Q: 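Sharing a structure here in C-alpha cells format.
All values below come from the heavy atoms of this structure, side chains included, with hydrogens, waters and symmetry mates left out. All values derive from a computational prediction rather than experimental measurement.
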Amino acid sequence: MKEFPDVIAWSVPAFVLLIVLERVSYLLHRDDDEVGYGGADTATSLAMGLGSLFADLLWKVPIAAAYALLYALTPLRVAELWWTWPLILLAQDLCYYWSHRSHHVIRILWASHVVHHSSQRFNLSTALRQPWTGLTSWVFYLPLIVAGVHPAVVAFCGSVNLLYQFWIHTERIEKMPRWYEAVFNTPSHHRVHHASQGSYLDRNFGGILIVWDRLFRSFAPERERCVYGLTKNVGSYNPVRVAFHEYASIARDLRAAVTWRHRAGHLFRAPGWQPAPGRTVRAAGPAQPDGQTSSVPG
C-alpha cells in the first residue's frame, strides 16, 4: 500500500502563521483599496476549515473504496518515476479545472462549492473556508484512476494542488512577473475568480495553472477592483448556515416545482436557473438565489 505525507495536515501550522502575519501587515500598512480582515468573517473561515478536515475523514472512506475497486479492475499502470510525476500533476490539474468549472455551472455541485465563495473578504483565511460536503469532486478524477494512476498518488497530487492555492488568496500581492502570470494561477487571477461582478463571474477556474482557462476560454484578467462574495450574499457568519444554505435553497425550489423537468433543472442546470412559461431559461444578473450566475462561454 502506497503512503504519502498528508501535506495539508502538516501545513496547518504554516497556514495559521501566515494568516497572522498577513493580518499584522494590514495593521502596519493599510491599503484603502483592500478589504482586509474582519473578526467574525475570519472566525467563520477558520471554523469552516476545521469542519472540513473532519468531514473529509468521513468522505475519504467511500471515495477510497471506489477508487481502489476501479484501480483493481483497470489493466493499466502508471509508475511513479521522475518524468511521470510532472505528467501526473499536469493531468490532475486538468481534472481539477473541469471539476472546478462544473461546480460553478451545475447547481447541485455549486451547493457544495458556494461555501468557498461566501466570504465578502479576500485574504489567506478565505483559503480555509472549505465545504463540508466534498463528496462531489471525486468523480472528476476517475480518468486518472482508469489510466492506471494509483489512488494514493491521485490524493497526494490533489493535496499539492490545494496547497499551492493557499497563497493566491491575498490582496497583498498585486502582480507576479508577466511570464508567471501567463502560465500559473496567481493572486490577481484568483481575485477575479472570487469577484461577484458580472464581467468576472465564473472565470479563472485553474488550480495551479491558468493555461487551462486561456485554452478553454474562461480566462479574465483583473482590470477593475474586485467586489468579493456572492451575487446574493448569505448574510450570516453561522458556519452551519454557510455550509448548507444553498442546499436549503434547492430544497425550497424542489418543493415549489410543478414538474419533474423543473425539479431536474433546479438540480442540474446553472445556479439561478428558473423555469419560464413555455421554455427554460438561464437566469442572469443578481437574481440568483444564494449564489452566482454562470457566464462561462461554450
Side-chain angles (χ1 to χ4, degrees), residues 1-15 48-116 127-166 185 205-209 211-212 216 243-244 246-247 250 267-268:
M1 178 177 178
K2 297 181 186 293
E3 291 188 9
F4 295 93
D6 189 339
V7 295
I8 298 300
W10 280 101
S11 299
V12 168
F15 292 162
M48 298 307 301
L50 185 62
S52 72
L53 290 178
F54 290 101
D56 286 348
L57 292 176
L58 298 177
W59 300 128
K60 283 180 180 178
V61 174
I63 292 173
Y67 280 176
L69 176 61
L70 188 59
Y71 184 74
L73 293 175
T74 182
L76 303 176
R77 291 293 182 267
V78 175
E80 295 87 59
L81 305 172
W82 69 266
W83 60 271
T84 59
W85 272 107
L87 297 178
I88 295 171
L89 283 167
L90 186 69
Q92 191 278 336
D93 198 54
L94 177 59
C95 291
Y96 174 86
Y97 169 86
W98 285 110
S99 172
H100 195 182
R101 182 165 176 167
S102 298
H103 277 71
H104 275 253
V105 299
I106 300 174
R107 191 181 180 192
I108 191 61
L109 301 183
W110 172 247
S112 173
H113 185 62
V114 67
V115 169
H116 186 60
L128 305 184
R129 189 176 286 227
Q130 296 294 325
W132 296 352
T133 53
L135 189 64
T136 58
S137 298
W138 70 278
V139 67
F140 293 92
Y141 302 97
L142 290 178
L144 296 178
I145 305 297
V146 173
V149 180
H150 194 280
V153 175
V154 174
F156 177 73
C157 289
S159 296
V160 171
N161 197 307
L162 191 62
L163 178 64
Y164 175 88
Q165 293 184 58
F166 175 78
N185 200 3
F205 299 108
I208 296 176
L209 300 175
V211 293
W212 310 122
F216 298 116
F244 299 111
E246 183 64 9
Y247 291 106
I250 290 175
L267 288 172
F268 303 113

Q: Kindly indicate whether the side chain of F244, heavy atoms from C-beta on, has any atom under 4.5 Å from the side chain of T133.
A: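 Yes, side chains in contact.
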Q: Apply side chain to side chain contact (heavy atoms under 4.5 Å, CB included) to S52 and list each qualifying residue two or more places apart in sequence or on a separate chain.
A: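 So S52 forms a side chain to side chain contact (heavy atoms under 4.5 Å, CB included) with Q130, W132.
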Q: Working to the nearest 0.5 Å, report the span between SG of C157 and CD1 of I88.
A: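 Those atoms lie 6.0 Å apart.
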Q: Hey, what do you get for CZ (R101) to CZ (F216), rounding to the nearest 0.5 Å?
A: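 Taking CZ in R101 and CZ in F216, the distance rounds to 8.5 Å.
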Q: Y141 versus S99: any side-chain heavy-atom pair under 4.5 Å?
A: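 Of all side-chain heavy-atom pairs linking S99 with Y141, at least one is under 4.5 Å.
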Q: Any donor-acceptor pair under 3.5 Å linking the side chain of T84 with the backbone of A79?
A: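 Yes; at least one donor-acceptor contact below 3.5 Å.
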Q: Please tell me whether Y96 and S137 have a donor and an acceptor in their side chains that are separated by less than 3.5 angstrom.
A: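 No, because no side-chain N or O of Y96 sits under 3.5 Å from a partner of the opposite role on S137.
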Q: Could you tell me whether the side chain of S11 and the main chain of V7 form a donor-acceptor pair under 3.5 Å?
A: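 It does hold such a pair.
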Q: For a quick test of reading the model, state the closest non-hydrogen atom pair linking W138 to A66 and the distance between them.
A: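 Distance-wise, the nearest heavy atoms are CZ3-CB, 4.0 Å.
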Q: With a 3.5 Å distance limit and no angle check, can you tell me whether H103 reaches the backbone of H113 through a side-chain donor-acceptor pair?
A: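 Side chain of H103 to backbone of H113, a donor-acceptor pair under 3.5 Å: no, none is there.
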Q: Verify the distance criterion only: is there a donor paired with an acceptor across the side chains of Q92 and Y97 at less than 3.5 Å?
A: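 Their side chains do not contain a donor-acceptor pair, so the 3.5 Å distance test is not met.
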Q: With rounding to the nearest 0.5 angstrom, report the CG to CD1 distance, L94 to I208.
A: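 Here the rounded value is 12.5 Å.
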Q: Is the CH2 atom of W85 crowded by more than 12 outside heavy atoms at less than 6.0 Å?
A: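 More than 12 heavy atoms, drawn from other residues, nucleotides or ligands, come within 6.0 Å of this atom.
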Q: Are any side-chain N or O atoms of N185 and backbone N or O atoms of L209, one a donor and one an acceptor, separated by less than 3.5 Å?
A: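 Side chain of N185 to backbone of L209, a donor-acceptor pair under 3.5 Å: no, none is there.
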Q: What is the distance from atom CG of L53 to atom CG of D6, rounded to the nearest 0.5 Å?
A: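 Atom-to-atom, L53:CG and D6:CG are 8.5 Å apart.
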Q: Decide whether a cation-pi geometry holds between R77 and Y71; the criteria are a distance under 6.0 Å from NZ or CZ to the six-membered ring centre and an angle within 45° of the ring axis.
A: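 Cation-pi check for R77 and Y71: passes.
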Q: Say you draw a straight line from NE2 of H104 to CG of L109; how long is it, rounded to the nearest 0.5 Å?
A: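 Output value for this atom pair is 11.0 Å.
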Q: side-chain contact (heavy atoms from CB on, under 4.5 Å) between L128 and M48: does it pass, once the steps are laid out?
A: CA-CA 7 Å; L128 305 184; M48 298 307 301; over 6 Å; no
Q: If the condition is side chain to side chain contact (heavy atoms under 4.5 Å, CB included), which residues does A155 pass it with, not counting sequence neighbours?
A: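 Not a single residue meets the side chain to side chain contact (heavy atoms under 4.5 Å, CB included) criterion with A155.
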Q: Which residues pass the side-chain hydrogen bond (donor to acceptor under 3.5 Å, both in side chains) test with W212, sequence neighbours left out?
A: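 Result, side-chain hydrogen bond (donor to acceptor under 3.5 Å, both in side chains) vs W212: D93.
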Q: Taking all non-hydrogen atoms of both residues, which atom of N161 and which atom of G207 are closest, and how far apart?
A: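 Heavy atoms only, the tightest pair is OD1-CA, 3.6 Å.
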Q: What's the shortest heavy-atom distance between F15 and I8, and which atoms?
A: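 Answer, listing the atom of F15 first, then I8: CE1-O, 4.2 Å.
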Q: In Å and rounded to the nearest 0.5 Å, what is the OG to CD1 distance from S112 to I106?
A: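 CD1 of I106 is found 12.5 Å from OG of S112.
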Q: Could you pull out all residues at least two apart from S159 that satisfy side-chain hydrogen bond (donor to acceptor under 3.5 Å, both in side chains)?
A: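 side-chain hydrogen bond (donor to acceptor under 3.5 Å, both in side chains) list for S159, sorted by chain: empty.
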Q: Quick one: list whatever passes side chain to side chain contact (heavy atoms under 4.5 Å, CB included) with W82, sequence neighbours left out.
A: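 Scan of W82 (side chain to side chain contact (heavy atoms under 4.5 Å, CB included), adjacent residues dropped) gives none.
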Q: Between F4 and A152, what is the shortest heavy-atom contact and its length?
A: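 Result for this residue pair: CD1-O, 3.7 Å.
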Q: Which pair of heavy atoms, one from Y67 and one from I145, lies closest together, and at what distance?
A: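 Here Y67 and I145 meet closest at O-CG2, 3.6 Å.
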Q: Among all residues two or more places apart in sequence or in another chain, which pass the side chain to side chain contact (heavy atoms under 4.5 Å, CB included) test with L76?
A: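 L76 satisfies side chain to side chain contact (heavy atoms under 4.5 Å, CB included) with T74 once adjacent residues are dropped.
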Q: Walk me through whether W110 and E246 qualify under side-chain contact (heavy atoms from CB on, under 4.5 Å).
A: CA-CA 8 Å; W110 172 247; E246 183 64 9; 4.2 Å; yes
